[in-house]
Amino acid sequence: MEVLGRNGLFIILLLFVSGALQTYGETKTCSSKKSPCFLKKMNCPAECPTSSSKDPKAKVCYIDCDSPICKAQCKRRKPNCNAPGSGCYDPRFIGGDGIVFYFHGKSNQHFSLVSDLNLQINARFIGLRPTGRTRDYTWIQALGVLFDSNTFSLEAATATTWDDEVDHLKFSYNGIELTIPKGHLSVWRSPENDVRVERTSDKNSVTVILPEVAEISVNVVPVTKEDDRIHNYQIPSDDCFAHLEVQFRFYGLSSKVEGVLGRSYRPDFQNPAKPGVAMPVVGGEDRYGTTSLLSADCSSCIFSPAGVLNQKDSLLMEYSMLDCTGGATSGNGIVCRK
């Protein structure tokens, strides 16, 4: 009886340990001394037990090292077009304040999305203007990133027709074209490790990471026949207008940050988008236009490679890309806000 009792206790102990292992996955730790979670161990939840997955559609484990909550959470690696920091469609943005707005810009021109002392992110717009229209239909075709004395760019390659089996992404670092192997979880790092590109699917989706500066999720998509029919874009037969869906997460933007999207992260920003309007359009083409994808010469740009970010002037906060739409798929209004 004593032996059976011990065996029973051992089996119960094994079941308990097994259950605990199934409940939690990886253990994550924040390594930055500035983090309120410095060296604190956080267990990934069962829904997303690891920080990477062979399934491109799966959620992954993420820790917010700037949050005092110090708890691992789940997020999707592809852009969430209904959450703050996103820029999708033609193009519709959701600012750091959670408010939806549209910025049309102009076809074949460049505009500053974010301009801060240590970071500049520009976008190249492509588009067309059908007969009878007073403005261009536009989409984001490329991103240009300036940080310190370096540059990085990514763009959607022009395509006559869309093919899911073709990678439509092109990259460059400091003016040199990059070849990043196809394949989910394929990674490229710069020599100084100041920028990292991770494929989040075999083709056409990546995450660009500038450690302690920003993280950008990117997906390439075409203008579909259904989109064309609904909006009457009048897309020609020789161009599917491959473009980018993007979502940004920033670390410690200054209170003076500028840009079409960047200004919405300022603590004193009053969003000009009219509430209750189906398509609240904001201007700024004259303030945020740049002469090229990798220049910081707009009239409101503040990027200064030699400048040092004053930590006292930093917002000291991060706007995350968690899956927090809560069923609000329309995106009209505050979708998710921290």
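Keep in mind that what you see is a predicted model, and the values were worked out from it rather than measured. When reading the values below, keep in mind they use all heavy atoms of this one structure, side chains included, and skip hydrogens, waters and symmetry mates.
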Would you check, one step at a time, whether the test side chain to side chain donor-acceptor pair (under 3.5 Å) holds for Thr290 with Asp297? CA-CA 6 Å; Thr290 64; Asp297 54 1; 4.7 Å; no
Where do Cys30 and Cys70 land on the disulfide bond (SG atoms under 2.5 Å apart) test, with the steps shown first? CA-CA 9 Å; Cys30 294; Cys70 301; over 6 Å; no
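Screening Asp167, Thr207, Asn204 against Arg199 for a side chain to side chain donor-acceptor pair (under 3.5 Å) leaves a single residue, Asp167.
Aromatic ring orientation, His104 versus Tyr102: tilted (interplanar angle from 30° to 60°). A parallel orientation is assigned to the rings of Trp188 and Phe152, their planes being inclined by less than 30° (bins at 30° and 60°). A parallel orientation is assigned to the rings of Phe93 and Phe101, their planes being inclined by less than 30° (bins at 30° and 60°).
Annotation: Phe248 is in aromatic contact with Phe250 [ring centroid separation under 6.0 Å]. Aromatic rings from His243 and Phe241 are positioned such that their centres are separated by 6.0 Å or more.
In this structure, Met42 and Lys71 have side chains that are not in contact, with every pair of non-hydrogen atoms separated by 4.5 Å or more. With a 4.5 Å cut-off on side-chain heavy atoms, His231 and Tyr89 do not count as touching. Counting only heavy atoms from C-beta outward, the side chains of Leu293 and Ser153 approach each other to under 4.5 Å. Side-chain atoms of Val166 and Lys182, non-hydrogen and from C-beta on, never get closer than 4.5 Å to each other. Using a 4.5 Å heavy-atom threshold, the side chains of Pro236 and Leu128 count as touching. Within the 4.5 Å cutoff, side-chain heavy atoms of Val145 are placed close to those of Leu210. In this structure the side chain of Ile235 never reaches within 4.5 angstrom of the side chain of Asp227, judged on heavy atoms. Residues Thr138 and Pro91 form a side-chain contact, since some pair of their non-hydrogen atoms from C-beta on lies under 4.5 Å apart.
Taking the charged nitrogens against the carboxylate oxygens, Asp136 and Arg129 do have a contact shorter than 4.0 Å, which makes a salt bridge. One finds no salt bridge joining Glu245 and Lys78 here, because no Lys/Arg side-chain nitrogen approaches an Asp/Glu carboxylate oxygen to under 4.0 Å.
At least one donor-acceptor pair under 3.5 Å links the side chain of Asp228 to the backbone N or O of Gln234. Using a distance-only test at 3.5 Å, with no hydrogens or angles considered, a donor-acceptor pair links the side chain of Gln247 to the main chain of Pro84. Formation of a donor-acceptor pair under 3.5 Å by the Asp202 side chain with backbone atoms of His184 is found in this model. Using modelled atom types, no side-chain atom of Ser115 and backbone atom of Gln120 make a donor-acceptor pair closer than 3.5 Å. Counting only distance, with no hydrogens or angles, the side chain of Asp148 and the backbone of Asn150 share no donor-acceptor pair below 3.5 Å. Gln141 places a side-chain N or O within 3.5 Å of a backbone atom of Ala156 that can act as its donor or acceptor partner. When atom types are taken as modelled, the side chain of Asn219 and the backbone of Pro79 share no donor-acceptor pair closer than 3.5 angstrom.
Heavy-atom minimum distance, Asp116 versus Ser254: OD1-OG, 2.6 Å. Across every non-hydrogen atom of Asp286 and Ser299, the tightest pair is O-OG, 3.5 Å. Closest heavy-atom contact between Cys301 and Ala296: CB-O, 3.5 Å. Taking all atoms of both residues into account, the shortest heavy-atom contact from Ile140 to Gly87 is CD1-O, 4.4 Å. Across all non-hydrogen atoms, the minimal contact from Cys81 to Ser86 is O-OG, 3.4 Å. Heavy atoms only, all atoms of each residue included: Asn122 and Ser112 are closest at OD1-CA, 3.4 Å.
By the SG-distance test at 2.5 Å, a disulfide connects Cys61 to Cys44.
One finds the CD atom of Glu47 at 11.0 Å from the CD atom of Gln73 (value rounded to the nearest 0.5 Å). To the nearest 0.5 angstrom, Phe125 atom CZ is 12.0 Å from Asn108 atom CG. Summarising the geometry, atom CG belonging to Leu244 is positioned 10.5 Å from atom CD1 belonging to Ile216; distances are rounded to the nearest 0.5 Å. Here CZ of Phe171 is found 6.0 Å from CG of Leu154. Values are rounded to the nearest 0.5 Å. Within the model, atoms CH2 of Trp162 and NZ of Lys225 stand 15.0 Å from one another, a figure rounded to the nearest 0.5 Å.
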